[in-house]
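Let me begin by presenting the structure, written as structure tokens, before commenting on it.
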Protein chains: 2
Amino acid sequence: MTLRQMVLRLELPPGAALSENELAASLGVSRTPVREALILLAQEGLVQVFPQIGSFVSRVDPAQVADAQFLREAVELAALEDLPPELDPAVLKELRDNLERQQREDLGLEEFFELDEAFHQGLMRLSGHANAWTTVAAAKGHLDRARRLGLYENASPAVFADQHREIFDAVVAGDVTPARRAMRAHLRAVFSDIERIRARSPELFATDPSAVPVRRNVVVWE
Amino acid sequence: MTLRQMVLRLELPPGAALSENELAASLGVSRTPVREALILLAQEGLVQVFPQIGSFVSRVDPAQVADAQFLREAVELAALEDLPPELDPAVLKELRDNLERQQREDLGLEEFFELDEAFHQGLMRLSGHANAWTTVAAAKGHLDRARRLGLYENASPAVFADQHREIFDAVVAGDVTPARRAMRAHLRAVFSDIERIRARSPELFATDPSAVPVRRNVVVWE
DNA sequence: CGACAGGTGCTTGTATACAAGTACTGACCG
DNA sequence: CGGTCAGTACTTGTATACAAGCACCTGTCG
């Protein structure tokens with residue numbers, strides 16, 4: 001799990017080489033459990049394994065970002081149409097606390113990301129589809145990394161916090177159509193950033209997803 | 001892949017024990033690759049692994065069926081709203097051929113299932129979201145098994161074939177709203193069967209998903 | 001100087017041995 | 001007859017050794 005987080009948080013940058021031997025040594029276990037973890041990450045698309053060549057953190061693939069975006073938008077908008085007449089008060093309280101914390105001034109980017117994830121997951125729980133959300137969450141690795149790059153770029157969580165508030169108010173008021181409109185606008189805000197980032201840091205993005213990385217020998221002075 | 005198909009086609013019945021050793025022996029390989037395959041099936045929810053106890057084909061979980069149903073409905077309906085003005089003629093031809101084959105009288109159930117899957121995948125390709133569909137397809141194992149049980153029960157693919165035709169005609173005509181209505185009705189037809197089947201074959205369904213299967217010794221006369 | 005062949009060190013894939021734990025079996029004892 | 005406890009046969013989890021293949025480095029030869 002912690003390896004997955006390192007990939008999602010870009011601590012392991014897209015394109016980085018992941019040797020099973022090195023990972024095993026640094027984690028103090030054998031190759032077997034490391035390998036099993038990499039297989040799961042590979043199925044999620046976060047890692048690419050090339051037989052006899054190496055394993056690599058996959059570069060952010062704009063196509064996969066768009067796929068995940070479509071998926072999450074479809075699911076979250078459908079959930080808004082499926083809200084029960086009586087909303088769970090415990091979840092509502094949790095969401096209110098969440099929104100309050102989002103507006104703190106000294107909020108770190110990673111902390112904002114956690115709150116953001118929890119907020120969207122809370123909305124899914126309100127509609128009784130928390131499990132469908134876990135499927136979406138597992139499929140949106142590329143999207144999450146793109147969103148992080150976007151936030152690192154302009155670092156303005158305040159706008160998103162306001163959008164969250166707008167969505168939440170519409171949900172509580174039972175106004176499905178405005179809630180959907182606000183949600184759609186909120187989710188699509190990602191696209192405004194991605195192309196600019198790609199122009200600045202092209203090495204983080206995939207051009208041909210089937211391209212095989214090359215192994216290079218680099219001299220390291222220690 | 002063939003092991004996955006055996007689970008989805010109910011050739012390996014829900015609840016069946018899967019010994020890594022037996023599978024390895026019957027496939028002529030060692031435990032390692034078998035184990036890696038089981039890990040992937042476990043992440044899909046088709047298999048449950050209990051440490052030091054055993055691996056089992058997961059019983060059909062009505063909650064997971066409902067989750068997958070919600071997911072696919074959300075995605076397929078969203079795709080219908082995202083159809084381009086000019087539909088790919090190659091895909092249209094493929095769908096027409098598919099519909100024609102669906103109406104053959106001597107169609108086997110498994111063949112109908114293949115056509116059904118190809119039809120829905122084709123619609124997703126029309127809207128340019130084939131990749132999002134693969135994510136959904138990987139998440140709907142429990143739903144697919146429930147649908148197979150439903151078809152084994154009343155064996156009437158003709159109704160579904162007509163619904164497919166109705167959806168297709170609306171899509172070609174560009175009538176999004178009727179297409180959505182037809183699609184929603186089509187997808188929700190699953191629910192009419194599942195409770196009846198559960199009453200007849202409760203051993204295929206999960207009661208408590210966290211319950212641990214028990215190992216039993218049975219005498220086999222050979 | 002340039003091209004080519006072989007050595008070397010890395011990679012992942014697979015097989016196998018052992019560790020740890022569960023459940024049934026059967027003998028033993030009250 | 002019934003309960004208890006050791007033994008055994010199974011399970012999955014982990015570590016390790018070997019197999020197969022790719023890329024670079026280097027020595028040799030033209």
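No experiment lies behind these values; they were computed from the predicted model shown. A note on names: the letters A, B, ... follow the listed sequences, proteins ahead of strands, and every chain is numbered from 1.
Taking 4.0 angstrom as the limit, B:Ser55 places a side-chain polar atom (N or O) nearer than this to OP1 or OP2 of D:dT12. Considering only side-chain N and O atoms, A:Thr32 lies nowhere under 4.0 angstrom from the phosphate OP1 or OP2 of D:dG13. Look at B:Arg35 and you'll find a side-chain N or O under 4.0 angstrom from OP1 or OP2 of D:dG13. At D:dC10, none of the side-chain N or O atoms of B:Asn21 fall inside 4.0 Å of OP1 or OP2 (strictly under the cut-off).
Using cut-offs of 30° and 60° on the angle between ring planes, the pair B:Phe160 and B:His186 is perpendicular.
Residue contacts shown for B:Ile39 are absent, as no nucleic acid heavy atom lies under 4.0 Å away. A:Leu18 comes within contact range of the sugar-phosphate backbone alone, with a heavy-atom separation under 4.0 Å but no base atom that close.
Donor-acceptor pairing under 3.5 Å, judged by distance alone, is absent between the side chain of B:Gln52 and the base of C:dT22.
In this structure, of D:dT11, C:dT14, C:dT11, it is C:dT14 that holds the atom nearest to the side chain of B:Pro33.
Remark: C1' of C:dG13 and CG of A:Leu38 are 13 Å apart, rounded to the nearest angstrom. For the pair B:Glu20 CD and D:dT12 P, the interatomic distance rounds to 4 Å; values are reported in whole Å. Between the C1' atom of D:dC22 and the CZ atom of A:Phe56 lies a distance of 11 Å, rounded to the nearest Å. If you take CZ of B:Arg31 and P of C:dT16, they are 12 Å apart, rounded to a whole angstrom. One can place CZ of B:Phe50 at 16 Å from C1' of D:dG13, the figure rounded to the nearest angstrom. Whole-Å rounding puts the B:Glu36 CD to D:dG13 C1' distance at 14 Å. For the pair A:Leu27 CG and D:dA15 P, the interatomic distance rounds to 11 Å; values are reported in whole Å.
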Per-pair distances, 0.1 Å, donor-acceptor, side chain in residues 17-29 of chain B, under 3.5 Å, sequence neighbours excluded:
unit_1	atom_1	unit_2	atom_2	d
B:Ser19	OG	B:Asn21	N	3.3
B:Ser19	OG	B:Glu22	N	3.3
B:Glu20	OE1	B:Arg31	NE	3.0
B:Glu20	OE1	B:Arg31	NH2	2.9
B:Glu20	OE2	B:Arg35	NH1	3.2
B:Ser26	OG	B:Glu22	O	3.3
B:Ser26	OG	B:Leu23	O	3.1

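In this structure, the side chain to side chain contact (heavy atoms under 4.5 Å, CB included) partners of B:Glu94, at least two apart in sequence or on a different chain, are B:Arg125.
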Could you please spell out the steps behind the side chain to side chain contact (heavy atoms under 4.5 Å, CB included) verdict for A:Glu117 and A:Asp144? CA-CA 10 Å; A:Glu117 278 298 301; A:Asp144 286 342; 4.2 Å; yes
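A salt bridge is defined here as a Lys NZ or Arg NE, NH1 or NH2 lying under 4.0 Å from an Asp or Glu carboxylate O, and B:Asp67 with B:Lys140 fails to meet this definition.
Residue-to-nucleotide proximity on DNA chain D shows that, of A:Pro51 and A:Ser30, the 5′-proximal contact is made by A:Ser30.
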